[in-house]
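Down below is the structure, laid out as structure tokens.
Numbering of residues begins at 1 and proceeds along the displayed sequence.
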Amino acid sequence: MTMPNLRIIVDLSQRMLYLLEDNIVVRGFPVGIGSMLNQSPEGEYTIINKQANPGGPYGAFWMGLSKPHYGIHGTNNPSSIGKRVSRGCIRMYNADVLTLSSKVSVGTRVTIRQ
């Protein structure tokens with residue numbers, strides 16, 4: 001049995017994160033993104049680490065990206081989802097980040113685009 005070919009696309013203009021399996025969208029999640037002053041970095045990255053309950057403002061789970069200091073994480077401020085409020089990270093509802101983190105592994109490709 002081969003592992004599914006999973007990847008993540010973050011669409012900043014839609015404020016959505018999409019999980020793709022073999023280039024087909026299987027789930028979509030609303031996200032909070034970087035503010036005008038601290039924009040989320042566009043480009044191609046990979047998940048380099050995963051941590052449950054990281055503490056602070058990162059909610060229930062943290063997935064670090066190959067761009068230092070940036071990640072996909074939960075939030076202790078659910079009203080921020082759908083808004084441009086983070087320091088560049090991709091924020092998700094805690095339940096959503098737990099769902100996503102259970103499906104993707106370290107090494108999963110992440111594309112952040114407008």
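Sorted by first and then second residue, the salt bridge (charged side-chain N to carboxylate O under 4.0 Å, His left out) pairs involving residues 67-82 (not counting sequence neighbours) form an empty list. The stretch residues 86-99 participates, sequence neighbours left out, in these side-chain hydrogen bond (donor to acceptor under 3.5 Å, both in side chains) pairs: S80-R91. For residues 75-86, the set of pairs meeting the salt bridge (charged side-chain N to carboxylate O under 4.0 Å, His left out) definition, not counting sequence neighbours, is empty.
Side-chain heavy atoms closer than 4.5 Å link hydrophobic residues (I, L, V, M, F, W, Y) into clusters, and following such links, possibly through other members, connects V26 to L98.
Closest of all the heavy-atom pairs between M92 and L100 is SD-CD2, 3.7 Å. When all heavy atoms of N77 and S79 are compared, the pair lying nearest together is OD1-OG, 2.8 Å.
Counting heavy atoms from C-beta outward, V110 and M63 have side chains that stay 4.5 Å or more apart. I90 places a side-chain heavy atom less than 4.5 Å from the side chain of S40. Side-chain contact between P30 and I81: present, with at least one pair of heavy atoms (C-beta onward) separated by less than 4.5 Å.
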Show me the side-chain donor-acceptor pairs of residues 8-21 shorter than 3.5 Å, one per line, residues at least two apart or across chains.
{"unit_1": "D11", "atom_1": "OD1", "unit_2": "S13", "atom_2": "N", "d": "3.2"}
{"unit_1": "D11", "atom_1": "OD1", "unit_2": "S13", "atom_2": "OG", "d": "2.8"}
{"unit_1": "D11", "atom_1": "OD1", "unit_2": "Q14", "atom_2": "N", "d": "2.9"}
{"unit_1": "Q14", "atom_1": "OE1", "unit_2": "Y18", "atom_2": "OH", "d": "2.4"}
{"unit_1": "R15", "atom_1": "NH1", "unit_2": "G82", "atom_2": "O", "d": "3.3"}

Show me the side-chain donor-acceptor pairs of residues 43-50 shorter than 3.5 Å, one per line, residues at least two apart or across chains.
{"unit_1": "E44", "atom_1": "OE1", "unit_2": "T111", "atom_2": "OG1", "d": "2.9"}
{"unit_1": "E44", "atom_1": "OE2", "unit_2": "T111", "atom_2": "OG1", "d": "3.1"}
{"unit_1": "Y45", "atom_1": "OH", "unit_2": "E42", "atom_2": "O", "d": "2.9"}
{"unit_1": "N49", "atom_1": "OD1", "unit_2": "W62", "atom_2": "NE1", "d": "3.2"}
{"unit_1": "N49", "atom_1": "OD1", "unit_2": "G64", "atom_2": "N", "d": "3.0"}
{"unit_1": "K50", "atom_1": "NZ", "unit_2": "S101", "atom_2": "O", "d": "2.6"}
{"unit_1": "K50", "atom_1": "NZ", "unit_2": "V104", "atom_2": "O", "d": "2.6"}

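In this structure, SG in C89 is found 7.5 Å from CG in L65, a value given to the nearest 0.5 Å. Note that OG1 of T75 is 10.5 Å distant from OH of Y58, once rounded to the nearest 0.5 Å.
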